[in-house]
Structure formats: C-alpha cells, structure tokens
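These notes concern the structure reproduced below.
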Amino acid sequence: MKLFGISLNRHSIPFLFLACSPIAFLLLRESFTAFWPSVATRAITVFLELGFIALATLSIANLKQWNISRRYSALLIIWLLWAGLSTVLGEHPWAGIVRWFELLISFIFGLFIYLLIQQSPQYKNLILYGIISALLFSLICYIGLWFALEDPYSYKWVPSSPFFNNIRHYGYFVGTVLPLGYWLLESHEKDKRLFAILYLSLSWGLAFWLGGRGALLGIIVATIIYMIISTKNIKWVLLSILIGAILSQFFVVQSGSLNLFHLLAWFNPGNDIDLNQISANRLKIYQDSISYWWSNAPILGTGADAFRYIMPSITGISQPHSIIIQLIFSYGLIGLIIPLGLIILLSIRQSKLDNRENSLIFLCIISAAIHALTDGVLYHAFGLFIVLILLTLSIPSTKKETQPLLKTTLLLSVLALMTYIIFSAQVVNSKNDSASDNWIEWNAKYPLYFSPEHWMSGNDAATKDHLIELALTRSSAKCWFYSRHSDPIASKLKTYCK
C-alpha cells in the first residue's frame, strides 16, 4: 500500500506522520475553540510530537547505538535539568511545569527525528515539502477568507486571523520557512525552479503584507547569506522580492500594523517617532524585564513561563518578545549561556561543512533566530515546533556513538503525556459554563491551566469574587479578572492593570 507514492511500512509511517503534522496543527487548532489561546495550543504540538515518538519507537528500538554527539546532548540535558530546577523553585511551578515538559518533549522529538533521518535520509525532502505545503495551504485559506468577506479592507485581521490568535504568529511561520524557497531554487529541474520562484514570490508577498519588522530582518539576513553563497540565483531572488512587493499591494487593509509600506508614514515631516516606538515598545519591555530578573532571581531565574504571572505585569504582556530576555528571565545566566553557545557552535560547524543542502535548510534557523531576538518565535508552540523540525534536518549526521537511552526517554514521554492529559482536561473544562465546587478547588490546587471566566457567568457576586481571588494568583489575566470584582480597590486595580 502506498500514500503519496511512498510505501507504507514501519520506517515510512513516522515520516509521513511528521510531514502531515504542520497542516494537522493548523486544522486541529482551528477545529477546537478551547485550544485557541496561545498557551493551550501547546497541547496540540505536544500530542503531535508524542504521536511521532510513539510511531518512531519501534525503529529507534532496533538501533544498537545512537549516532549523536555526547557533548551536545550532555549540554542539552544539563540545560533541561537547570530549567527544571528553576521552575520547581519558582513561584508558579504548576504552570511552569507545563512549559518545561513541552521543552522536554521537544528535545526527545528532535532527537528521534535526527536518529531516524540518519538511517533514512531519503525522507528529508518529504518533511520539507510537508512544511512548504502547510504555508501554501494557510495562504489559500487567507485568500479564500479575503474574497469571502464583504469588507476585507476593514476586517480586524490582527486579532481575528485564521489558525492563530494573533496574525503576528503567522508572521513567525512565514519568516521561518520562506528560506526553504532557496533550497527549492537550487534544483536543476525547470519545473522545480519555477515552483521555487512562485513559492518565494508568494512568501515575500506575505512577509510584506504581514508587516512584521522582526520577520523581515530575519528574512533579509538569510537572503543576503544565500545570495553570497549562490550568486547565480540572485536575479531570481530579486525577481521574487519584486513580485511579492507588488502582490502585497493588491491586499491593502485598514490596519496600520499590516503591510510594511505603512511604515513609510514614520518618515513624514513632523512625526516625532523615537526608537522605542519604532521597536513597538520593546526597549522598555527589555529594560523592565532585566530589572525585575536582577532584583528577584538573578541566579536561577524565575522559572519556566513565570513572566506571564509576575506582579505587577510588564506592560500587560505574557512574554518579553525576545529569546535572549526570555531565557535569562526564566533560567538566569546559565539558562541563557548554554543554548546561546549551542547555536553558535552549530553555526560555526555549518560554515565549515560542505553539505550545501543542510546549509540551505539552516538559513531557516538563521532567519528564525534573528526574528526571535525581537519577538516570541520560540515562545509560541507552533513556531517552536517548526523551528525544531528544521533544526534537526539541518544538523549534519555524525559517526559518534552513545549508549541508547530509550527506556528513559519513553518514561519521560509517559510523564509528559499524563501532564498534558490533565492540562488539556483543565483547558476544556475552563470553557464550560459551570463546574462543580470540587473541580474548581482541585483545579485551583493544581493549576496547570486556570482560567475561570466562563464559570463566573450566572453566579452570585460572592462566588464571582471567590473565583476572581483564585485567578489573581493562578492566571495571567489579572487585570481582566480584578476589573470584574464586585468591589475593586482602586490601588489594587491600578497595580493589576499597570
């Protein structure tokens, strides 16, 4: 039996599952409203990763030795242990452990991809085409929505975009996978080169239309590197950029944050724009974040995902919009130095290797890394998921061997599965209009996810106030909840809504 021309067997099924996973995420997220919040989408990627791990286990079990670098794997294990310690000792260990298990499963997921792709490198293209298909599928859906709307110009695209609860998260995806067009462009087949130009033109058009400055910066750096290593294709790259810029102007919208050409208004005479405004308030966020970290947890950090829950919140946001700030805030200097050192080592290694395909895929990682310096590419579940797949595909194979740790990885996967089953149950039940007192108290005691806004409807003032008091120490939306208190104290309201 074949699917997409590939024989179905225990070796191919994990790769087919992986290739379909990006589109599966988009469809699952859109189908289940309970998982629309960005934190809740972690359950979708974790279950997809666990699905791949389960399908790959039989093939992994047959490997007598694991071809991985002991140095890199040891550093990653040390980092995960350090992050776990920071989380357990932090002020919000229950919510933080959900993030930590996401990172743990992402590591095992990436490890299994790397081990299998060394045994079956012929499936690498299948996975890459799966990611490309996900972008084109999402684009078709956006175009369909545009023509289905009575007034697409005035539609609120930023908070009401398909597949994402903020259109900026779509920009994370586009900015990461656009450089795959350069991988396509290297083909000597005419049809593939034409497809590459089409893909690049559409991706550049999306990049211009979405208006993300961080995404554009990452794409530009990756593009410049590509034009240096492949001068013969510069004309096609420039042509696709021009076509993309023209295409984006056919879909102009009212929102000032969409379409990069809106930024030209900054240069109008009389506009008093400072660097903080240009950076969308990023400079103040970074300054306040570093100050909070240094004052409260300079060694271990505040723990995984603690930024969402600190009081008073930093400009009311859930993450600091920078991977550097996120790492140092959550896990301290050690938590920053290890992953930063790993990406630098990988970059140096890539520059010394003569594997052109891996280098072209690594352009996606460069684009995502540059973008992550000023945004949450690696914070949100889908962005991390896509980057992780591309990273493992870009890492060259190694002949170094280490003893298999299959039983340990499977045990940790089971623990993560149990955690995310409970997390998902709390997410789903938070959307019900009513919940028993026992469930509420249990959920408040173990708040992997606690958001009681639906439980407040139809209840008396005392019950609502009790739910609000519980939410103030367990939810990131403190301002939203306390503003609905029956008798809010002005000073407390000002603190929560700072």
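All of these numbers come straight from a predicted model, not from anything done at the bench. FYI, the numbering just counts along the sequence from 1.
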Measure the shortest side-chain to side-chain distance between Asp305 and Arg42 over non-hydrogen atoms and say whether it is less than 4.5 angstrom. yes

Is atom CH2 of Trp100 surrounded by more than 12 heavy atoms (other residues, nucleotides or ligands) closer than 6.0 Å? yes

Classify the ring geometry between Tyr123 and Phe15 as parallel (under 30°), tilted (30 to 60°) or perpendicular (over 60°). parallel

Between Ile105 and Glu49, which heavy-atom pair has the shortest distance, and what is it? CG2-OE1, 3.3 Å

Are the side chains of Tyr172 and Asp375 in contact, using a 4.5 Å heavy-atom criterion? yes

Evaluate the criterion side chain to side chain contact (heavy atoms under 4.5 Å, CB included) for residue pair Leu178 and Leu206; output intermediate values, then yes/no. CA-CA 10 Å; Leu178 182 147; Leu206 265 176; over 6 Å; no

Is the OH atom of Tyr155 crowded by more than 12 outside heavy atoms at less than 6.0 Å? yes

Check whether any side-chain heavy atom of Trp183 lies under 4.5 Å from a side-chain heavy atom of Ile132, and answer yes or no. yes

Should the pair Trp157 and Tyr142 be assigned to parallel (<30°), tilted (30 to 60°) or perpendicular (>60°) ring geometry? parallel

Among Ile219, Val377, Leu217, find the residue that satisfies the side-chain contact (heavy atoms from CB on, under 4.5 Å) test when tested with Ile370. Leu217

Are Gln119 and Ser59 close enough that a side-chain donor and a side-chain acceptor fall under 3.5 Å? no

Candidate pair Tyr379 and Ile323, rule side chain to side chain contact (heavy atoms under 4.5 Å, CB included), full reasoning: CA-CA 8 Å; Tyr379 174 77; Ile323 186 60; over 6 Å; no

Parallel, tilted or perpendicular: rings of Phe385 and Phe109 (30°, 60°): parallel

Quick one: do Thr41 and Thr45 satisfy side chain to side chain contact (heavy atoms under 4.5 Å, CB included)? Show the steps, please. CA-CA 7 Å; Thr41 57; Thr45 55; over 6 Å; no

Can any side-chain N or O of Arg168 pair as donor or acceptor with the backbone N or O of Leu210 at less than 3.5 Å? yes

Would the number of heavy atoms belonging to other residues, nucleotides or ligands and lying under 6.0 Å from CH2 of Trp82 be above 12? yes

Going by the ring-ring contact (aromatic ring centres under 6.0 Å, His included) test, name the single residue among Phe307, Tyr286, Trp293 that passes it with Phe329. Phe307

Close side-chain approach of Phe164 and His380, heavy atoms under 4.5 Å: no

Counting only N and O atoms by type, is there a donor-acceptor contact under 3.5 Å from the side chain of Arg29 to the main-chain atoms of Trp36? yes

Quick check: closest heavy atoms across Ala134 and Pro22, and the distance to 0.1 Å? CB-CB, 3.6 Å

I'd like to know if the side chain of Ser187 and the backbone of Leu184 have a donor-acceptor N/O pair within less than 3.5 Å. no

Would you mind reporting whether Arg356 and Ser230 have side-chain heavy atoms less than 4.5 Å apart? yes

Taking Thr392 for its side chain and Gly110 for its backbone only, find out whether a donor-acceptor pair lies under 3.5 Å. no

Sub-3.5 Å donor-acceptor pair from the side chain of Ser73 to the main-chain atoms of Arg70, do we have one? yes

Can you check ring pair (Phe, Tyr, Trp, His ring centres under 6.0 Å) on Tyr170 and Phe163, steps first, answer last? CA-CA 8 Å; Tyr170 189 27; Phe163 307 123; 7.7 Å; no

Atom NZ of Lys235 with >12 non-hydrogen neighbours under 6.0 angstrom: yes

Are any of the side-chain heavy atoms of Val177 and Ser203 separated by less than 4.5 Å? no

Between Ser322 and Leu373 (side chain of the first, backbone of the second, donor and acceptor by atom type, cut-off under 3.5 Å), is there such a pair? yes

Any side-chain heavy atom of Ile241 within less than 4.5 Å of one from Val237? yes

Give the minimum heavy-atom separation between Ala19 and Leu126, together with the two atoms involved. CB-O, 3.7 Å

Is the ring pair Trp146/Trp209 parallel, tilted or perpendicular, if the boundaries are 30 and 60 degrees? perpendicular

So Val253 and Pro152, do their side chains get closer than 4.5 Å, heavy atoms only? no

Verify, without hydrogens or angle tests, whether Ser367 (side chain) and Gly175 (backbone) share a donor-acceptor contact under 3.5 angstrom. yes

Could you verify whether a donor N or O on one side chain and an acceptor N or O on the other, from Asn67 and Tyr114, lie under 3.5 Å apart? no

Looking just at side-chain N and O atoms, do Asn233 and Tyr182 make a donor-acceptor pair shorter than 3.5 Å? no

Would you say the ring centroid of Tyr420 lies under 6.0 angstrom from that of Phe101? no

Give a yes/no verdict on a cation-pi contact between Arg99 and Tyr449, requiring under 6.0 Å between NZ or CZ and the six-membered ring centre and an angle within 45° of the axis. no

Quick check: closest heavy atoms across Gln326 and Pro320, and the distance to 0.1 Å? OE1-CD, 2.8 Å

Hey, can you tell me if Trp79 and Tyr331 have their rings parallel, tilted or perpendicular (30° and 60° cut-offs)? perpendicular

Donor-acceptor pair between Ser240 and Tyr199 side chains, under 3.5 angstrom: no

Judged by atom type as modelled, is there a donor-acceptor pair below 3.5 Å linking the side chain of His321 to the main-chain atoms of Gln319? yes

All heavy atoms of Val158 vs all of Ser255, minimum pair found to be CG2-OG, 3.8 Å

Set out, in order, the CA-CA distance, both residues' side-chain angles and the distance that settles side chain to side chain contact (heavy atoms under 4.5 Å, CB included) for Ile127 and Lys124, then state yes or no. CA-CA 5 Å; Ile127 300 167; Lys124 182 183 288 188; 5.7 Å; no

Say whether, by atom type as modelled, one donor and one acceptor occur between the side chain of Ser424 and the main chain of Ile421 under 3.5 angstrom. no

